[in-house]
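Values in this document were obtained by computation on a predicted structure and should not be read as measured data. Residue numbering restarts at 1 for every chain, and letters A, B, ... go by the order of the sequence lines.
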Amino acid sequence: MDEQQRFYITTAIDYPNSRPHIGTAFEKIGADVQARFRRMEGAAVHFLMGNDENTIKVTIRARELGQDPKAYVDEMARQFQEVWSALEISNDDFIQTSEERHHVGCRKFIQAVFDAGDIYKGVYSGHYCVGCESFKTEKEVAEGNGRCPNHPNAELSMVEEENYYFRLSAYRDRLLAFYSANPDFIRPESRRNEIVSLVETELRDVAISRKGFTWGIPVPFDPEHTIYVWFDALLNYVTAAGYGTDEARFERTWPADVHVIGKDITRFHCALWPAMLMSAGVPLPRKVFGHGFVYRKNEESGEVAKIGKSMGNVVEPMDLINDFSAEAFRYYFMSQCPFSGDGEFSFERFADAYNSGLANNLGNLYSRILTMCLKYFGGDLGEVGEVDLTAWRRGLDLPALVETLRDRVGAFDYTTALQRIWLEVVDAANKYIQETQPFKLAKTDLEATRVVLANLADWMRVTAILIKPFLPKTAETFHRAFNFESHQPWEAVSYGSASRPYSAGQPLRVAAPVVEGKPTPLFPKVEAR
RNA sequence: GCCGGGGUAGCUCAGUUGGUCAGAGCGGCGGUCUCAUAAUCCGCAGGUCUGGGGUUCGAGUCCCCACCCCGGUACCA
């Protein structure tokens, strides 16, 4: 028996200081599409997400609320997962770095690095900002006129403390050799170039511990210190896979096939992280994908700005989900915002994309096809075994398109994939109806009408498969609109099976829910705001 | 400052190794069908491809200069 291909995918873990916004959601959806696609390709997918909880801000916030830090992070984790669940994110695991499994794995890992001789004690002194929970560089201090640029109302304090350092500088040559041997390690290309030139220029050792905190993970060889920020956070990818707690599971899960992260933290994942793993003797992940950001476009001024609480332009995912749907949410970001670059959000653009792509095309097709089947055949198209079900796609090389789509989706190029599905597959159905005019045929030639509708049913089957990673709910609704389940179970469909027409030896009939003889509209059209 | 990526129709963007490359989608305008969520389908876009030089038989597509935008420049969603 062949060993099933495994695919381990992760997203960045989030700070639970505030609720997730649409930019955070963008990353999770992009990773989710990949996870769902790989499952369809037959891989045993393990999809990890989580929260980064061992930060000083957590204890501060918890104290403000009069809560225990652990109770606070647990509640935030619940709220995050509530949003992810509403967005149909199909993660298999969700790690909180305050969990015991993470603590245990972290201690084992840092000890291994220590034993390898890559950790030494040094003194760090610098301008410390409590708000950022970090030391500021001289340049940043200058930028903020003596204060932290991000927290101009707070005083910076000069702090000097003993810290443990990780000998990152020693890994410069090994990292460069690794990049060169694995040209696809950093995606997209632009990020790779930045990192390579960064590492070529200079690689400094980094402080990895802090003194005097009780929240966080104690350094095993010096309990007065706790493990600091990145060293701790990055390790979630291995601790969640069982490192230090379940070695057997770790062996069969690690290495990760891809870390999906924001472009702002590329260097930690592409330089620091591989060096840490090399030091501890753990295999390196196969790929890091740094996605772009979603900016908020102001409807009136047309100005584009970063999303943030201080900007007052945060868009709550739940608001969009409630006003439209999770499917609409996913469709907008995956079709309008290139995953490798930046995208923008405005309610106007959202409504335009929704009306055009979902209401007028996909949803409307669902309605018109089902209505005709119900109206002319009572929903039962009868046996279609001898009917040519490829008539709707004459002029379209579906197998070739499917190959292109596999390539594009696999490379995180979602906007191109969706564009081609809509342009070549969805449009094909509208044009096929226009050419064959089944609503006229029904008056004179029922058999010919039946052939057309059976073709449109097969279009629905094909479309369901192609959009499954992007719009899982809509895809399933399409699949179950007819009795395709008896031909191919929904869980078993793959891109490769899209081109093989329906051929079950039983009547093809409508199975969609019907109210007063009509299907319920999938995507009601909305007025542009 | 240095490094990198860009400036193409109202908007978002495609444009391989230079020669139907002046395009797509959306919006807008006109027409059409009626199964459908006033949806679909058909037709219409006269954009100096940021500006100026240059190479070439021929340049959004290569070289130089200028202007503008964006990212990175180390421990920052």
Side-chain angles (χ1 to χ4, degrees), chain A residues 12-15 17-18 20-21 23-24 27 52 124 126 129 132-137 139-140 148-150 166 168 188-208 228-231 261-268 271-272 292-293 297 302 304 306-309 335-338 341-344 346 348-349 352-353 355-376 415-416 419 422-423 427 429-435 437-442 449 452-453 456 518-526 528:
Chain A
I13 51 177
D14 299 303
Y15 289 131
N17 319 320
S18 58
H21 63 239
T24 326
E27 170 176 303
D52 184 6
Y124 188 95
C129 171
C132 295
E133 194 187 333
S134 68
F135 288 98
K136 301 278 105 179
T137 61
K139 188 183 169 187
E140 286 173 314
C148 169
N150 301 326
F166 171 59
L168 178 59
E189 190 71 25
S190 53
R191 297 293 143 207
R192 175 190 154 81
N193 294 339
E194 283 173 15
I195 296 300
V196 170
S197 76
L198 187 76
V199 173
E200 276 175 344
T201 306
E202 194 190 3
L203 211 51
R204 271 184 240 145
D205 292 347
V206 294
I208 58 165
Y228 175 53
V229 202
W230 284 105
F231 207 89
I261 58 160
K263 63 181 184 181
D264 55 327
I265 53 177
T266 316
R267 64 164 167 268
F268 302 111
L272 175 58
F293 285 152
K297 185 172 188 178
V304 175
K306 230 173 165 175
I307 296 173
K309 270 186 298 188
S335 69
Q336 306 296 307
C337 306
D342 294 334
E344 60 184 51
S346 74
E348 189 181 346
R349 271 197 68 175
D352 283 349
N355 282 336
S356 168
L358 297 180
N360 294 350
N361 281 296
L362 204 62
N364 188 46
L365 270 167
Y366 171 87
S367 295
R368 62 196 306 209
I369 291 169
L370 292 183
T371 300
M372 285 191 279
C373 288
L374 293 164
K375 200 165 176 178
Y376 308 139
T415 51
T416 299
Q419 188 174 43
W422 255 251
L423 234 44
D427 281 5
N430 272 322
K431 286 176 180 160
Y432 179 66
I433 294 175
Q434 186 63 29
E435 285 161 15
Q437 310 231 318
F439 39 86
K440 268 188 183 164
L441 272 182
T449 310
V452 169
L453 292 180
L456 290 169
K518 306 194 78 170
T520 309
L522 257 34
F523 301 102
K525 196 165 178 177
V526 300

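In this structure, CZ of Arg349(A) is placed 12 Å from P of C11(B), rounded to the nearest angstrom. In this entry the distance linking CG of Asn193(A) with P of C3(B) reads 14 Å, nearest Å. Spacing between atom CD of Glu348(A) and atom P of G10(B) amounts to 16 Å, rounded to whole angstrom units. The CG atom of Asp342(A) sits 14 Å away from the C1' atom of U12(B) (whole-angstrom rounding). Computed from coordinates, the Arg191(A) CZ to C70(B) P distance equals 15 Å when rounded to whole Å. Rounded to whole Å, atom C1' of A14(B) lies 19 Å from atom CH2 of Trp422(A). In this structure, Gln336(A) atom CD and U12(B) atom C1' are separated by 8 Å, rounded to whole Å. Rounding to whole angstrom units, CD of residue Glu435(A) and C1' of C33(B) are separated by 14 Å.
Contact of the Thr371(A) side chain with the Pro519(A) side chain is registered, since non-hydrogen atoms from C-beta on lie closer than 4.5 Å. Contact of the Leu198(A) side chain with the Glu194(A) side chain is not registered, since no non-hydrogen atoms from C-beta on lie closer than 4.5 Å.
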Revision key, fill the gap. Under a 4.0 Å heavy-atom criterion, the protein footprint on nucleotides 36-43 of chain B, written with B, S and -, is BB-SBSS-

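Taken from CH2 in Trp422(A) to CG in Leu358(A), the straight-line distance is 6.0 Å, to the nearest 0.5 Å.
Under a 3.5 Å cut-off, the side chain of Asp205(A) and the backbone N or O of Leu168(A) do form a donor-acceptor pair. Without hydrogens or angle criteria, Asp52(A) side chain to Tyr15(A) main chain gives no donor-acceptor distance under 3.5 Å. A donor-acceptor pair is defined here as one N or O able to donate and one able to accept, closer than 3.5 Å; such a pair exists between the side chain of Asn355(A) and the backbone of Val526(A). Within the 3.5 Å criterion, the main-chain N or O of Ala353(A) finds no donor-acceptor partner in the side chain of Gln336(A).
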**Study point:** Leu456(A)/Leu365(A) under side chain to side chain contact (heavy atoms under 4.5 Å, CB included): CA gap, chis, key distance, verdict
**Key:** CA-CA 9 Å; Leu456(A) 290 169; Leu365(A) 270 167; 5.6 Å; no

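Atom name C1', nucleotides G52(B) and C68(B): the rounded distance is 15 Å, in whole Å. Here the separation of G15(B) from C21(B), taken at their C1' atoms, is 7 Å to the nearest Å. C57(B) and G46(B) have their C1' atoms separated by 28 Å, with the value rounded to a whole Å. Taking atom C1' on both G31(B) and U40(B), the two are 14 Å apart, rounded to the nearest angstrom. When the P atom is compared between C69(B) and U8(B), the two are found 14 Å apart, to the nearest whole Å. Comparing the same atom, C1', in G28(B) and in C65(B) gives a spacing of 40 Å after rounding to whole Å. Distance noted for atom P between G72(B) and G25(B): 34 Å (whole Å). The C1' atoms of U16(B) and A59(B) are separated by 15 Å, rounded to the nearest whole Å.
No engagement by Asp52(A) is indicated, since no non-hydrogen atom pair under 4.0 Å with the nucleic acid exists. Nucleic acid contact for Leu272(A): none, since no nucleic acid atom lies under 4.0 Å from a heavy atom of the residue. Using a 4.0 Å heavy-atom cutoff across all strands shown, Ala353(A) reaches no nucleic acid atom at all.
Residues satisfying the side-chain contact (heavy atoms from CB on, under 4.5 Å) test with Ser190(A), not counting sequence neighbours, are Pro188(A).
In this structure, G60(B) is classed as syn because its glycosidic torsion stays within 90° of zero.
As the counterpart of C33(B), no nucleotide is assigned, since no Watson-Crick or G-U wobble pattern has both distances under 3.5 Å. Using Watson-Crick or G-U wobble geometry with both donor-acceptor distances under 3.5 Å, G25(B) finds its partner in C11(B). Using N1 to N3 plus N6-O4 or O6-N4 for Watson-Crick, or N1-O2 and O6-N3 for G-U wobble, each under 3.5 Å, C2(B) pairs with G72(B).
Mapped onto RNA chain B by nearest heavy atom, Tyr376(A) and Tyr15(A) fall at different nucleotides, with Tyr376(A) at the one closer to the 5' end.
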